[in-house]
Amino acid sequence: MKKNNTPGVPGKTESEVLPSSPAEVTGAEALLKSLVEEGVDTIFGYPGGAIMPVYDKLLDYTGSLRHILTRHEQGAAHSAQAYAMVTGKPGVCFATSGPGATNLVTGIANAYLDSVPVVFITAQVTSALIGTDAFQETDILGISMPVTKWNAQVKRAAEIPDTIARAFYIARTGRPGPVLVDISKDAQVETMTFRYSKCTYIRSYNPVNPLISRDIESAAVMINHAERPLILAGHGVIISDAVKELKMLAEKGGIPVAVTLLGIPAFSHEHRLFAGMLGMHGNYAPNVLTNRADLIIAAGMRFDDRVTGNLKKYAPQARVIHIEIDRAEIDKNVRADLGINGDVREVLTAILPNIRERKREEWIREFRILDRTEHEKVIKPETDPGRGELNMGEVVRVISELAGNDAVVVTDVGQHQMAVARYYRFTDSNTLITSGGMGTMGFGLPASLGAATGTASRKVIAFIGDGGFQMTVQELGTIMQYRIPVKIVLLNNSFLGMVRQWQEMFFNSRYASTEMVNPDFTALASAYGIPARKICERAELKEAAAEMLGSEGPFILVAEVSRTANILPMVEPGASVSEVTLTYNSKP
């Protein structure tokens, strides 16, 4: 996902007027015209009573605005987020008042924690009824305030254009995030003279701070003098379009690069300096050697607890440079010796000329030694078992090899998500769309259709577990209606796998409410007119995967995988990142 920042200029008016002929329109039409002015071409949503005036006018905009009718408002929210991540521009989502609005909340929170710009438009009861507990009235502003970057309620048609302009500006600038605009029904039918002014400045809102040259110089000195530096690359590298600059810094300084879950596409897995994924189910080397590093360069990441493990034992030998656009994240979890509050791309661009060329081969060799240990104990048994039941890792690896470098990969949440993060071979051109901060089961299916709607040139492959799949399975109807060509890999172990793993490891294998009796997924796919195939044997895997990838439209590949396999390595709760469990004897 690429950032689209327009830094404010002090002294300017709050908006820059673009050529737009005044016209007498209703508030509903003013909303749609405003979206067109912002370059919107796709909306995900679900109609209802309070937003009906908008949907009525939407019929007149079929040439410029495409509406995707999802089967649930949560599906619309996740679809809009994935669309934003794959296109680099804000997603847009419509919902009606009351339950329509509240059904968005999980999707809003998901976009908020993962810093994705989505403009949510909800309808509200007429302004005279607000506060009376009217039918389908809910205080969506109060509910959504903790999980939106900004929200506002509009009760007059004349306020709609400026409010929408502000919403888009706030959503896409600085640290991106979701915004919500709640529009009363009477404001939608009231008439006004339409004129649009694209927002470029809001007083007291400074999305990007100027860089301090002293900080840039200090960062370069710290990097040049370090013997064991390690770059931790997060989602912010992708948001700021700093992938090229990150690679240049790593290569010039001979610095290994480890990635967070959302930062996975930031650095090619084929690069010799790629150190692997950090965190609870990350790779052995970057976790262990975090605590050997003498300098941590954290770029566009927030030191989430799944990355750090026990903070009291985290990186005890390292000084920390934290590059982050959101000032509130610096020193929040890990104290930074040098905090640089700025856009990652701008910061790296400024630092690069001051970096001395170094090889640091001994330090890099330490990663390779631990890589070999992990490969023998974990990766080889998972991806090339030779016999026994199918493993998630081998299914992921085979599809990765067949798909090449050109697929957009979407996941749901659970064991399969970690298998994809570990075993899919991402390169610089790949995109990973997953739920990071919220860990939202049910994200994968609607996100995959949103991603596929946003790109026609690349295959979209969704890896989903049987539990998450059934949380939003109704979105197969959306895929059917619009013939969205997403390739769905359903990894079925008939368990809520990640919860089962924790029950096995920490609750004496007491499997409370985690075993699932599932439907015939191929029959279910057939009911939606989607081709499907089920495989149970290793001998079928490559041929079935090739069939799926070669299909024209949507396709569901159901892979029956081991019911009792665990995702390893694992940094257990309360442990240091260097205290990694590599092997665990699974109990039947």
**Prompt:** Between the side chain of Ser34 and the main-chain N/O of Ala30, is any donor-acceptor distance below 3.5 Å?
**Reply:** yes
**Fill in**
Sorted by chain and residue number, the side-chain hydrogen bond (donor to acceptor under 3.5 Å, both in side chains) partners of Thr26 (sequence neighbours excluded) come out as none
**Message:** Treating Asp466 as the side-chain partner and Ser494 as the backbone partner, does any N or O pair qualify as donor plus acceptor under 3.5 Å?
**Reply:** yes
**Asked** Mind checking whether Ile556 and Leu476 have side chains closer than 4.5 Å, heavy atoms only?
**Response** yes
**Beyond-backbone contact of Ser79 with Ile68, side-chain heavy atoms, under 4.5 angstrom** = no
**Prompt:** Under 4.5 Å between any side-chain heavy atoms of Phe44 and Leu449, yes or no?
**Reply:** yes
**Message:** Can you give me the closest heavy-atom contact between Leu104 and Cys93, atom names plus distance?
**Reply:** CD2-SG, 3.6 Å
**Message:** Show the nearest heavy-atom pair for residues Leu246 and Ala233, with the distance to one decimal.
**Reply:** CD2-CB, 3.8 Å
**Message:** Salt bridge or not between Arg538 and Glu394? Use side-chain N to carboxylate O under 4.0 Å.
**Reply:** yes
**Prompt:** Between Tyr196 and Ala165, is there a donor-acceptor pair closer than 3.5 Å when you use the side chain of the first and the backbone of the second?
**Reply:** yes
**Prompt:** So, do Ile160 and Phe194 sit near enough that their side-chain heavy atoms are less than 4.5 Å apart?
**Reply:** no
**Asked** How far apart are the closest heavy atoms of Asn151 and Ser144, and which atoms are they?
**Response** ND2-OG, 3.1 Å
**Asked** Is the backbone of Asn391 close enough, under 3.5 Å, to the side chain of Ser562 for a donor and an acceptor to pair up by distance?
**Response** no
**Complete:** Here the gap from Arg458 atom CZ to Asn405 atom CG, rounded to the nearest 0.5 Å, amounts to 9.5 Å
**Request:** Mind listing the closest non-hydrogen atom pair of Met85 and Leu432 along with its distance?
**Result:** CE-O, 4.2 Å
**Request:** Give, for atom CG of Leu390 and atom CG of Leu491, the distance between the pair rounded to the nearest 0.5 Å.
**Result:** 9.5 Å
**Asked** Do Met516 and Leu496 have side chains that get closer than 4.5 Å, going by heavy atoms?
**Response** yes
**Request:** Could you check Asn103 against Gln74 for side-chain hydrogen bond (donor to acceptor under 3.5 Å, both in side chains), going step by step and ending with a plain yes or no?
**Result:** CA-CA 6 Å; Asn103 281 344; Gln74 181 181 345; over 6 Å; no
**Message:** Using modelled atom types and a 3.5 Å cut-off, is there a donor and acceptor pairing between side-chain atoms of Glu159 and backbone atoms of Val154?
**Reply:** no
**Item:** Among Val179, Val147, Ile143, the one residue meeting side chain to side chain contact (heavy atoms under 4.5 Å, CB included) with Ile108
**Value:** Val147
**Request:** May I ask you to say whether Glu270 pairs ionically with Arg425, meaning some side-chain N is under 4.0 Å from a carboxylate O?
**Result:** yes
**Item:** Lys/Arg-Asp/Glu bridge criterion (N-O < 4.0 Å) met for Lys89, Asp41
**Value:** yes
**Request:** For the pair Arg66 (side chain) and Ile43 (backbone), establish whether a donor and an acceptor sit closer than 3.5 Å, ignoring hydrogens and angles.
**Result:** no
**Message:** Tell me whether the count of non-hydrogen atoms from other residues, nucleotides or ligands lying under 6.0 Å of CE in Met480 goes above 12.
**Reply:** yes
**Request:** Go through the steps for Val237 and Phe267 under the test side chain to side chain contact (heavy atoms under 4.5 Å, CB included), then give the verdict.
**Result:** CA-CA 9 Å; Val237 173; Phe267 204 77; over 6 Å; no
**Prompt:** If you measure from the Lys or Arg side-chain nitrogens to the Asp or Glu carboxylate oxygens, is any gap between Arg533 and Glu543 under 4.0 Å?
**Reply:** yes
**Message:** Below 30° counts as parallel, above 60° as perpendicular, anything between as tilted: where do the rings of Tyr55 and His67 land?
**Reply:** perpendicular
**Message:** Under a 3.5 Å distance rule, please check whether Asn283 uses its side chain to pair with a backbone N or O of Met277 as donor and acceptor.
**Reply:** yes
**Prompt:** How many angstroms lie between atom CG of Leu557 and atom CG of Leu490, to the nearest 0.5 angstrom?
**Reply:** 8.5 Å
**Request:** Go through the steps for Asn493 and Gln415 under the test side chain to side chain contact (heavy atoms under 4.5 Å, CB included), then give the verdict.
**Result:** CA-CA 10 Å; Asn493 60 7; Gln415 286 184 317; 3.3 Å; yes
**Fill in**
Thr440 and Ser435 have their tightest heavy-atom pair at N-OG, 2.9 Å
**Prompt:** Okay, side chain of Arg71, backbone of Leu69: is any donor-acceptor separation there less than 3.5 Å?
**Reply:** yes
**Prompt:** Can you check whether Ile479 reaches Tyr528 side chain to side chain, under 4.5 Å on heavy atoms?
**Reply:** no
**Prompt:** Could you go step by step and tell me if Glu329 and Arg302 meet the salt bridge (charged side-chain N to carboxylate O under 4.0 Å, His left out) rule?
**Reply:** CA-CA 6 Å; Glu329 294 293 348; Arg302 57 191 178 87; 5.3 Å; no
**Message:** I'd like to know whether OH of Tyr46 has more than 12 heavy-atom contacts from other residues, nucleotides or ligands below 6.0 angstrom.
**Reply:** no
**Spatial distance of atom CZ (Phe94) from atom OG1 (Thr70) [nearest 0.5 Å]** = 12.5 Å
**Message:** Using only atom types and a distance under 3.5 Å, with no angle test, would you say the side chain of His281 pairs donor to acceptor with the backbone of Ile567?
**Reply:** yes
**Request:** Let me see the working for Thr173 and Tyr205 under side-chain hydrogen bond (donor to acceptor under 3.5 Å, both in side chains), right down to the final yes or no.
**Result:** CA-CA 10 Å; Thr173 52; Tyr205 171 61; 2.7 Å; yes
**Message:** Check whether Arg397 reaches the backbone of Tyr423 with its side chain - one donor and one acceptor, N or O, closer than 3.5 Å.
**Reply:** yes
**Asked** Looking at Thr478 and Ile484, what are the two nearest heavy atoms and their distance?
**Response** O-CD1, 4.2 Å
**Message:** Quick check: do His416 and Val395 have side-chain heavy atoms less than 4.5 Å from each other?
**Reply:** no
**Prompt:** Would you say Pro161 and Arg195 make side-chain contact, with heavy atoms under 4.5 Å?
**Reply:** no
**Atom pair OG/CZ of Ser240 and Arg345 - distance to nearest 0.5 Å** = 8.0 Å
**Verdict with reasoning, Val40 to Phe168, per side chain to side chain contact (heavy atoms under 4.5 Å, CB included)** = CA-CA 10 Å; Val40 174; Phe168 274 86; 3.6 Å; yes
**Asked** Nearest 0.5 Å, what's the CD1-CG distance between Ile461 and Leu402?
**Response** 9.0 Å
**Contacts of Tyr61 that satisfy side-chain hydrogen bond (donor to acceptor under 3.5 Å, both in side chains) - sequence neighbours left out** = Glu29
**Complete:** For Val307, the side-chain contact (heavy atoms from CB on, under 4.5 Å) test, sequence neighbours excluded, returns Thr260, Leu278, Met301
**Asked** Does the pair Val409 and Phe426 meet the rule for a side chain to side chain contact (heavy atoms under 4.5 Å, CB included), with working shown?
**Response** CA-CA 9 Å; Val409 177; Phe426 291 91; 3.9 Å; yes
